Amino acid sequence: MARTSDRTQQVNHYKTLRISYNAAPAEVKSAYRGLVKEYHPDCNHHLDNHDDIASINLAYEVLSNPQSRAYYDRSLGIKHSPNGASQGVKRSPSKRETHLNEDQKLDRWFKQVYEPITEMLEVILDSLDEQIDDLAADPYDDGLMEDFEDYIDECRGSYAKAQIFFRAFPNPASAAGIASYLYHCLNAISDGIEELNYFTLNFDDHHLHTGQELWRRADEMRYCAQMAMENLQTV
């Protein structure tokens with residue numbers, strides 16, 4: 001888990017989209033569209049671009065949303081001048097951070113990573129059945145479908161924020177198992193969001209059922225993380 005976490009920590013969404021830290025929303029969108037076309041397998045059959053596309057999609061999800069972008073900028077230590085221009089990345093570990101013992105690191109990780117993520121997971125995972133029940137009244141009703149699309153957008157925004165919190169601090173060694181559960185939970189949610197979005201485009205129930213199954217897997221990983229955290233705190 002530590003190796004995956006370290007690699008994820010090095011990802012820079014601005015570099016992924018090949019834009020500057022003060023890129024305007026229109027530049028973010030334009031860069032995303034250009035990269036999707038460049039790396040899409042339909043355009044490049046000879047390339048295995050799954051990881052590239054996933055990174056590009058995640059970067060766009062974070063940077064296209066003003067709130068999640070603000071969170072992300074703060075996590076990088078990016079400061080903006082009053083006119084909105086970026087002043088660059090200047091974050092470095094404080095002396096306090098470098099001298100934390102394992103218990104202090106765990107406490108910080110619990111409060112600043114685990115708790116915010118589990119709150120976001122609750123928002124994402126606990127309302128899908130209700131949303132589907134509402135939509136089932138008439139899947140072809142424009143108003144009901146718009147409500148379902150709004151729910152997917154909310155899930156996408158919460159997922160992007162959860163990813164930011166997940167990378168805020170490296171997980172302590174004692175929490176490696178919990179971090180692994182969260183990692184797989186978030187991956188299932190990411191895939192589930194895409195499946196649910198495909199359903200809104202083509203009304204193919206296969207995508208809806210696949211999305212539900214991915215939600216179930218994510219919920220299972222969330223439960224495992226909760227149990228592991230409770231066991232760790234009682235030791």
Side-chain angles (χ1 to χ4, degrees), residues 8 11 13 16-17 25-26 28-29 32-33 35-36 40 50 53-75 113-168 181-226:
T8 306
V11 173
H13 295 320
T16 297
L17 295 186
V28 175
K29 189 172 186 178
Y32 171 71
R33 285 179 171 174
L35 288 170
V36 167
H40 197 282
H50 178 76
I53 289 294
S55 297
I56 291 167
N57 285 339
L58 175 58
Y60 181 69
E61 287 173 3
V62 173
L63 300 183
S64 63
N65 181 294
Q67 187 174 10
S68 63
R69 182 176 179 178
Y71 275 117
Y72 181 65
D73 285 354
R74 286 197 291 272
S75 75
V113 178
Y114 177 82
E115 281 191 331
I117 289 177
T118 53
E119 290 176 4
M120 293 172 194
L121 292 178
E122 182 177 351
V123 173
I124 295 173
L125 294 174
D126 292 350
S127 53
L128 178 60
D129 290 341
E130 180 181 352
Q131 293 290 332
I132 291 177
D133 287 343
D134 291 343
L135 182 62
D138 185 357
Y140 297 97
D141 180 271
D142 290 341
L144 293 177
M145 183 56 77
E146 286 178 5
D147 290 341
F148 191 67
E149 290 172 341
D150 288 342
Y151 164 70
I152 295 173
D153 286 340
E154 291 174 2
C155 290
R156 186 177 284 112
S158 295
Y159 163 79
K161 294 175 191 175
Q163 283 282 11
I164 294 170
F165 279 100
F166 186 73
R167 292 187 292 271
Y181 287 130
L182 292 179
Y183 174 81
H184 291 295
C185 177
L186 291 171
N187 276 355
I189 288 174
S190 176
D191 292 339
I193 288 172
E194 294 310 310
E195 290 294 333
L196 295 177
N197 186 60
Y198 289 143
F199 169 73
T200 67
L201 299 175
N202 56 27
F203 299 96
D204 186 341
D205 286 342
H206 168 74
H207 293 300
L208 182 61
H209 296 154
T210 302
Q212 287 177 293
E213 174 61 19
L214 287 164
W215 242 240
R216 186 196 66 76
R217 293 181 192 174
D219 197 35
E220 183 178 303
M221 291 296 101
R222 172 179 62 165
Y223 176 78
C224 290
Q226 290 172 340

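Quick note: numbers below take in every heavy atom, side chains included, and nothing from hydrogens, waters or symmetry partners. On a predicted model such as this, the values are computed, not experimentally measured, just so you know.
Rounded to the nearest 0.5 angstrom, Lys161 NZ and Phe165 CZ are separated by 8.5 Å. Distance check, rounded to the nearest 0.5 Å: CG of Leu135 to OH of Tyr140 gives 10.5 Å. Rounded to the nearest 0.5 angstrom, Asp205 CG and Gln212 CD are separated by 9.0 Å. For the atom pair CG (Asn65) and OH (Tyr60), the distance works out to 10.0 Å, reported to the nearest 0.5 Å. Distance check, rounded to the nearest 0.5 Å: NE2 of His13 to CD of Gln163 gives 7.5 Å. Atom-to-atom distance recorded for Asn57:CG and Tyr32:OH is 4.0 Å, nearest 0.5 angstrom.
With contacts defined as side-chain heavy-atom distances shorter than 4.5 Å, the pair Leu196/Trp215 qualifies. Side-chain contact between Asp191 and Glu195: absent, with no pair of heavy atoms (C-beta onward) separated by less than 4.5 Å. Residues Met120 and Tyr159 form no side-chain contact, since every pair of their non-hydrogen atoms from C-beta on lies 4.5 Å or further apart. Within the 4.5 Å cutoff, the side chain of Tyr114 has heavy atoms near those of the Gln226 side chain. Residues Leu214 and Ile189 form no side-chain contact, since every pair of their non-hydrogen atoms from C-beta on lies 4.5 Å or further apart. In this structure the side chain of Leu121 reaches within 4.5 angstrom of the side chain of Ile117, judged on heavy atoms. Counting heavy atoms from C-beta outward, His209 and Glu213 have side chains that stay 4.5 Å or more apart. Side-chain contact check for Arg222 versus Glu122: some heavy-atom pair is nearer than 4.5 Å.
For the residue pair Ser68 and Val62, the shortest heavy atom distance occurs at OG-O, 2.6 Å. In terms of heavy-atom proximity, Leu125 sits nearest to Cys185 at CD1-SG, 4.5 Å. Closest non-hydrogen pair, Phe203 versus Pro139, comes out as CE2-O, 3.3 Å.
Under a 3.5 Å cut-off, the side chain of Ser190 and the backbone N or O of Asn187 do not form any donor-acceptor pair.
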Pair Val28, Arg69 - check side chain to side chain contact (heavy atoms under 4.5 Å, CB included), show working. CA-CA 11 Å; Val28 175; Arg69 182 176 179 178; 3.9 Å; yes
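For the pair Arg74 and Tyr71, the cation sits on the ring face: its NZ or CZ lies under 6.0 Å from the ring centre, inside 45° of the axis.
Around atom OH of Tyr223, no more than 12 heavy atoms belonging to other residues, nucleotides or ligands sit under 6.0 Å away.
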For a quick test of your reading: what N or O donor-acceptor pairs under 3.5 Å do the side chains of residues 143-155 make, sequence neighbours left out?
residue	atom	partner	partner atom	Å
Tyr151	OH	Ile124	O	2.9
Tyr151	OH	Leu128	N	3.4
Asp153	OD1	Arg156	NH1	3.1

